[in-house]
Amino acid sequence: MNYLNDIRQSVSRWIESVTEKSFDANSVGIDFCKKEFEGDFTILIFPLTKIIGKAPEQIAQQCGDHLLAESKISSFNVVKGFLNISLPDSFWLNELEQINTIDLLTRIRKNCTPSSYLIEFCSPNTNKPLHLGHIRNIAIGWSNYKILKALGHDVDTTQVINDRGIAICKSMLAWKKFGNGETPTSTSMKGDHFVGQYYVLFENKFRQEYSEWQQTEQAKTLFSNISKTDSETDFFREYKNDYFNQYSLLGKEAKEMLLAWEAGDQEVRALWSRMNQWVYEGFGQTFEQLGVRFDSNYYESETYLLGKDIVDDGLKRGVFYRNHDQSVWIDLTDVGLDKKIILRSDGTSVYITQDLGTAVKRHEHFKKQNYVYVVGDEQDYHFKVLFETLKKLNVEFSAGLKHLSYGMVELTTGKMKSREGTIVDADDLMQEVIEEASEGAMERGELAELSLEEKNQIFYKIGMSALKYFILKVNYKKRMIFNPKESVDMQGNTGPYIVNAYVRIQSILRKAGEVENWSISQIPIHPQEKVVITQLLDYPSVLQETAELLDPSKLANYCYALAKDFHKYYHDCRILNAETQELKKYRIALCKNVSQTLEHGMECLGISMPERM
RNA sequence: GGUUCCGUAGCUCAGCUGGAUAGAGCAUCUGCCUUCUAAGCAGAGGGUCUUUGGUUCGAAUCCAAACGGAAUCACCA
């Protein structure tokens, strides 16, 4: 509430004159006045009792008299240690004049020191399509990108695509064995879904093979020899991975394929690129639908061997040490973590090896001050280890590393599990929410005269606003319970509610036509207008706080609050039919500001709004 | 067991740099469309802010412990 600095200064000067000691104006506590009390703002007097040494009511009274004498306020009242002040109409008119004349970008970038960021998010595996978890990840990553960008920072987006490994080999193998040469085109399927289908097929075939194997003598002997439980079911559930690695024919074939891939086998590589290409085409459509893009992609197939030179360097400098079996480790017990392996005894990489390599390579490339990794909180420990390791390696960018750790998305029925078919597919979900939006819009019938294409564009925007807002309004750190029914809600605290406020203003502005600029004059201010102006004045600091915390839910909640205040205003006050021309011009100016702020805020959440609905 | 995160209305969430009678939405009930888009507005009911201590004039907010839940502690990614 920087716009109250004048009041703060005045209060602190008064305190100084009473106590004859210096007093920091910034520590004057001012809050919005509660609805139940009369006044615009409330000055907290309690903290001053010790300094001044009088009863709170007495201080409040004297402070109020002082402000009144200096004409800073129009009236005040005292309730216990609360000094409720009302500001003169001229204050509100001046503030509105300010936001009217000073460009929004200038206002939000005030006191903002430009910095640079690389934001990594999404980071999919290429063996299956994107799901709800990715949507949360992408919504958070993209929104932070938009917010930081809006504040004038230099920001790039990137993702690491996990395009190699056993998983994609499973899809490849299943396609090779059972695919009969089908392609996404021949089956009219989206490429990522097509490839994902073969991953599922592999798993099914494998499970079938496994359950048949469980009937063999070999399996039964194994069970009686090594099982610690009496339950065959429990044992074989636990044993699945070992079976895959030791006995499974399909497992053997998949692993051979992985080895062939690593050896650069031409046929395997060709199949691999072909199938990954299908997946990328599918992902591309999903990204487009989500309205996001990446400035760069890192492919694991190109980075998985990185990091070995860093291991050598770390060994030389004594940051890492070599175990007797030749594996390489780092001791992080001094920072409260464990000893962690950096390189296997056979010299091959582990997860963190390539992450170290990728981090260093990226910095060579981008030279950013901040590197934000949008990755689920299940990997908190990994990132602690990664960052501590980089710190010990003394890389110059270690201070700017940040794991934006978001909570997992769960369904009302529990976790999403592919085995139980409870994965919420990203494309399906978007489809569903857009359909819901179109049904609602058709019922309302506001769009009757528009073309089909225009209508579809609007349904799409409304639907996506519902979905994205639903996800972003929750603080990213929190584990999120996703109720599909609520995600398509269009009423109450939802994206469409905010869109509706914006659309109402657009409708007014269309009807108003060209209106000459409003200039300050004697205008009676409606209480709800004070609320709306206050909210508008708050926008720059909300945006800056959002950026500082990398927490879009702050901004989402602000947008809702502003929309809510506007809806009430719209209900309370006539705009086009205002009592006088001056009042009408002023109200339209206010509406324009609300509209602009909503549009900017929602844009920063990655939500673009339609002009009508 | 160690570490980290979480516990606010029936449900989903705000509020947490300490301030007045703890807020929204959904769901339930009641009003308001011949006037700028009713995806709206107004109202009703619904709470020992997990518990217990502590700090303070004042605690949902800070500290400690307990209870409950989650994640992680792989030569998996």
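Order of the sequence lines sets the chain letters (A, B, ...), proteins ahead of strands, with each chain counted from 1.
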Participant: Return the nearest nucleotide to the side chain of A:H567; candidates are B:rG40, B:rA20, B:rC11.
Facilitator: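 Nearest to the side-chain atoms of A:H567, counting from C-beta on, is B:rG40.
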Participant: From C-beta outward on A:K478, which listed nucleotide comes closest to its side chain: B:rG7, B:rA24, B:rA20?
Facilitator: B:rG7
Participant: Using a heavy-atom cut-off of 4.0 Å across all strands, would you classify A:T42 as base, sugar-phosphate, or nothing?
Facilitator: base
Participant: For A:F82 and B:rA20, is the gap between ring centres under 5.5 Å while the planes differ by less than 30°?
Facilitator: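 Per 5.5 Å and 30° rule: yes, stacked.
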Participant: Considering only side-chain heavy atoms of A:E378, which listed nucleotide, B:rU37, B:rU72, B:rA20, is closest?
Facilitator: B:rU72
Participant: Side chain of A:K384 only, heavy atoms from C-beta on: which candidate in B:rU4, B:rU12, B:rA14 is closest?
Facilitator: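 In terms of side-chain proximity for A:K384, the closest of B:rU4, B:rU12, B:rA14 is B:rU4.
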Participant: Using both distances under 3.5 Å as the test, list the Watson-Crick or G-U wobble partner of B:rA64, or none.
Facilitator: B:rU52
Participant: For A:Y304, does the six-membered ring have the charged nitrogen or CZ of A:R164 within the cation-pi criterion, i.e. under 6.0 angstrom from the centroid and within 45° of the normal?
Facilitator: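 Flagged: A:R164 positioned over aromatic ring of A:Y304.
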Participant: Report which part of the nucleic acid A:I341 touches: base, sugar-phosphate, or nothing (heavy-atom distance under 4.0 Å, all strands).
Facilitator: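 The residue A:I341 makes base contact.
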Participant: Between B:rC75, B:rA70, B:rU37, which nucleotide gets closest to the side-chain atoms of A:R479?
Facilitator: B:rA70
Participant: Quick one: look up who B:rC33 pairs with, Watson-Crick or G-U, both distances under 3.5 Å, and put none if it's unpaired.
Facilitator: none
Participant: Base, sugar-phosphate alone, or nothing: which one does A:Q506 contact when heavy atoms must sit under 4.0 Å apart?
Facilitator: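 Here A:Q506 touches no strand at all.
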Participant: Tell me whether A:E514 at atom CD has more than 12 heavy atoms from other residues, nucleotides or ligands lying less than 6.0 Å away.
Facilitator: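 No, the 6.0 Å shell around CD holds no more than 12 heavy atoms from other groups.
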Participant: Answer yes when A:R479 and A:E410 have at least one side-chain N-carboxylate O distance shorter than 4.0 Å, and no when they do not.
Facilitator: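 Salt bridge: yes.
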Participant: For this output row, return yes or no: ring centroids of A:F566 and A:Y502 closer than 6.0 angstrom.
Facilitator: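 No, too far apart.
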Participant: Planes under 30° and centres closer than 5.5 Å, is that true for A:F46 with the base of B:rG19?
Facilitator: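 Given the distance and angle limits, yes, they stack.
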